[in-house]
Amino acid sequence: MRLGAQLLLTVLLAATATGGALILGGGAFLYAEGEQALWQQTRSAARDLATLLTDDLLLQDRLAVWEKLGAARERYPGFVYAYVLSPKGEVLAHTFTEGVPEALLALAGERILRLGGRLVYQGEAPVYGGAAGVVRLGLAHDPLREELAQVLRTGFFGLLWAVGLGVGLGYLLLERVLEPLKEMAERVSLLGKGGKVAFPEPKNELGALGRALNRMGEEVERRERELTLLNRLLAESQALRLDELAERVLSLLVRELGFSCGDFWVEGRVVHCRACQAFCPLGGVEGLAEEALREERVVVGQGGVAVPVPPKAALVLYGKPKVDEAWLTGFLTALSGPLATALENARLYSLLEEKERQRAELLKAWLRAQEEERARIARELHDEVGQALTGLILGLEGLPGERALALKELARFTLAEVRRLALDLRPSLLDHLGLEAALVRYVREFADRTGIEVDLSFHLRQPLPKELETVVYRVVQEALTNVARHSGSPRAAVGVLEAEGEVRVFVEDEGRGFDPKAVGPGHQGLLGMRERVELLGGRFLLESAPGEGTRVQVRLPLEVVA
């Protein structure tokens with residue numbers, strides 16, 4: 001509801017309530033006064049009638065008594081009844097058509113009673129001191145009620161007129177007073193939407209409100225600019241490398257605040273703003289930075305401003321900014337904390353990158369050593385153990401008997417297992433004939449050994465580097481091993497192809513599948529494949545769901561590993 005309507009409604013309700021209270025209070029007062037006047041009138045009429053009937057009663061002229069009682073109906077306003085009792089209580093005369101009701105005779109003295117639906121005031125007066133009897137007179141409440149109703153009607157219509165006049169005048173006054181408020185409300189709405197507005201300043205009490213709103217608008221504009229700039233700086237501070245962080249923050253501050261250039265001073269190292277480096281002085285960074293850190297506040301010098309960034313860094317900006325110095329000091333002071341957090345994040349990220357680089361180098365060295373050791377063990381198994389078993393088989397050829405035949409079969413089986421083990425450790429075909437020949441042989445032997453049908457698709461336009469061939473071979477080997485152990489699928493597919501500068505490898509089956517999110521740290525095979533692939537800058541993707549099979553995808557960039 002509009003303020004004007006609320007105020008008018010309030011005035012209307014207040015006026016109505018006040019007027020109603022006055023009318024009701026006046027009516028109650030008039031009723032009380034009228035009732036008292038009616039009692040006085042009733043008593044006076046009863047005494048007057050008793051005096052009028054005294055002589056007739058003393059002379060026992062009942063006809064005259066009856067006539068005078070009949071004339072009393074016209075003499076007293078509101079007349080209802082009158083009757084005369086003898087000293088013994090006998091009815092001597094009355095104005096009733098069928099006699100005085102027994103119930104009424106029992107109601108002696110002054111009282112208020114209801115007779116025939118009318119409120120009657122009964123008065124009683126003795127005749128000749130009671131020696132000649134008693135007169136009882138009843139006057140109705142009707143005249144008093146009519147007068148009171150007339151007064152209330154007059155007061156009600158007067159109240160309506162007064163309230164209407166007051167509401168009309170109040171409306172005109174409120175419209176005049178609230179017009180500046182309406183304009184202020186509209187401009188506050190525009191201010192809330194980011195617009196720049198000026199509030200009216202009328203020459204009355206609302207002028208103070210207008211001036212206060214104008215000051216508030218200026219403060220809101222300043223705060224909005226400050227928060228916008230802080231948010232942009234916080235967004236730029238998400239950079240994790242120190243050089244990138246310095247470039248983003250310094251460029252934004254120089255551009256938005258009107259400085260000529262800026263530097264970061266971090267533990268004695270100066271990081272320049274490359275975009276504005278030509279405008280920066282050759283020296284002076286260290287002095288301003290150390291002063292700001294020592295005094296733990298923003299330092300404003302002749303040539304620039306230094307902002308301390310604890311514990312051992314500072315932001316130095318050069319030139320004369322286009323903003324108020326007090327605001328600039330407060331803003332840069334607020335900026336110190338977020339910059340300290342950003343620099344600490346950059347430092348930690350640098351340490352993390354170094355640790356990751358060292359870990360990757362160690363892991364690569366470990367994998368190379370592992371492959372070399374596998375190759376050595378494979379050669380020894382193939383050359384030494386294989387030759388020994390071959391010699392044993394040849395020696396058993398000349399021995400008769402079933403036992404010698406069983407030993408010869410055992411030696412042949414052991415030789416086949418040794419050769420398979422040597423192939424798993426490091427297939428010689430991978431070193432001599434390349435990846436395709438090694439995969440063809442491994443897939444064939446895997447199918448013979450497990451009974452799982454494998455469809456191999458191999459499409460490479462050029463030979464791969466040895467390190468990349470090893471990773472592809474190990475991924476296929478580990479993925480097919482998982483198919484045999486866990487999937488329960490009778491078929492599998494292996495694909496190796498080159499597309500868009502990548503080597504893409506996939507191994508998929510139609511087995512029982514699993515939930516990849518439920519894979520725990522104990523699945524070293526998947527972890528080993530992922531490590532090998534990511535060390536060469538590739539991506540390892542695993543797609544599976546219960547009952548929907550499993551698909552392992554690997555993408556390795558040729559240019560990274562070439």
Q: Evaluate side-chain contact (heavy atoms from CB on, under 4.5 Å) for E478 paired with R532, printing each intermediate quantity in order.
A: CA-CA 12 Å; E478 182 63 34; R532 286 178 180 272; over 6 Å; no
Q: Taking S544 for the side chain and D515 for the main chain, is one N or O donor matched with an acceptor at less than 3.5 Å?
A: no
Q: Which residues pass the side chain to side chain donor-acceptor pair (under 3.5 Å) test with R491, sequence neighbours left out?
A: E510
Q: Sub-3.5 Å donor-acceptor pair from the side chain of R551 to the main-chain atoms of F506, do we have one?
A: no
Q: Test of understanding: with side chain to side chain contact (heavy atoms under 4.5 Å, CB included), list the residues that count as partners of R444, not counting sequence neighbours.
A: V440, R441, D448
Q: Please list, chain by chain and in numerical order, all residues satisfying side chain to side chain donor-acceptor pair (under 3.5 Å) with E498, sequence neighbours excluded.
A: R461
Q: Who pairs with Q553 by side chain to side chain donor-acceptor pair (under 3.5 Å), at least two apart in sequence or on another chain?
A: E543
Q: Just to verify, what does R530 make a side chain to side chain contact (heavy atoms under 4.5 Å, CB included) with, not counting sequence neighbours?
A: E534, F540
Q: Please identify each residue that fulfils side chain to side chain donor-acceptor pair (under 3.5 Å) with R485, with sequence neighbours left out.
A: none
Q: CE of M529 to CG of N482: how many Å apart, nearest 0.5 Å?
A: 5.5 Å
Q: Using the ring of Y349 (Phe, Tyr or Trp, six-membered ring only), decide whether R241 places NZ or CZ under 6.0 Å from its centre and within 45 degrees of its axis.
A: no
Q: Might you work through the side-chain contact (heavy atoms from CB on, under 4.5 Å) test for V503 and V554, ending with a clear yes or no?
A: CA-CA 8 Å; V503 177; V554 169; over 6 Å; no
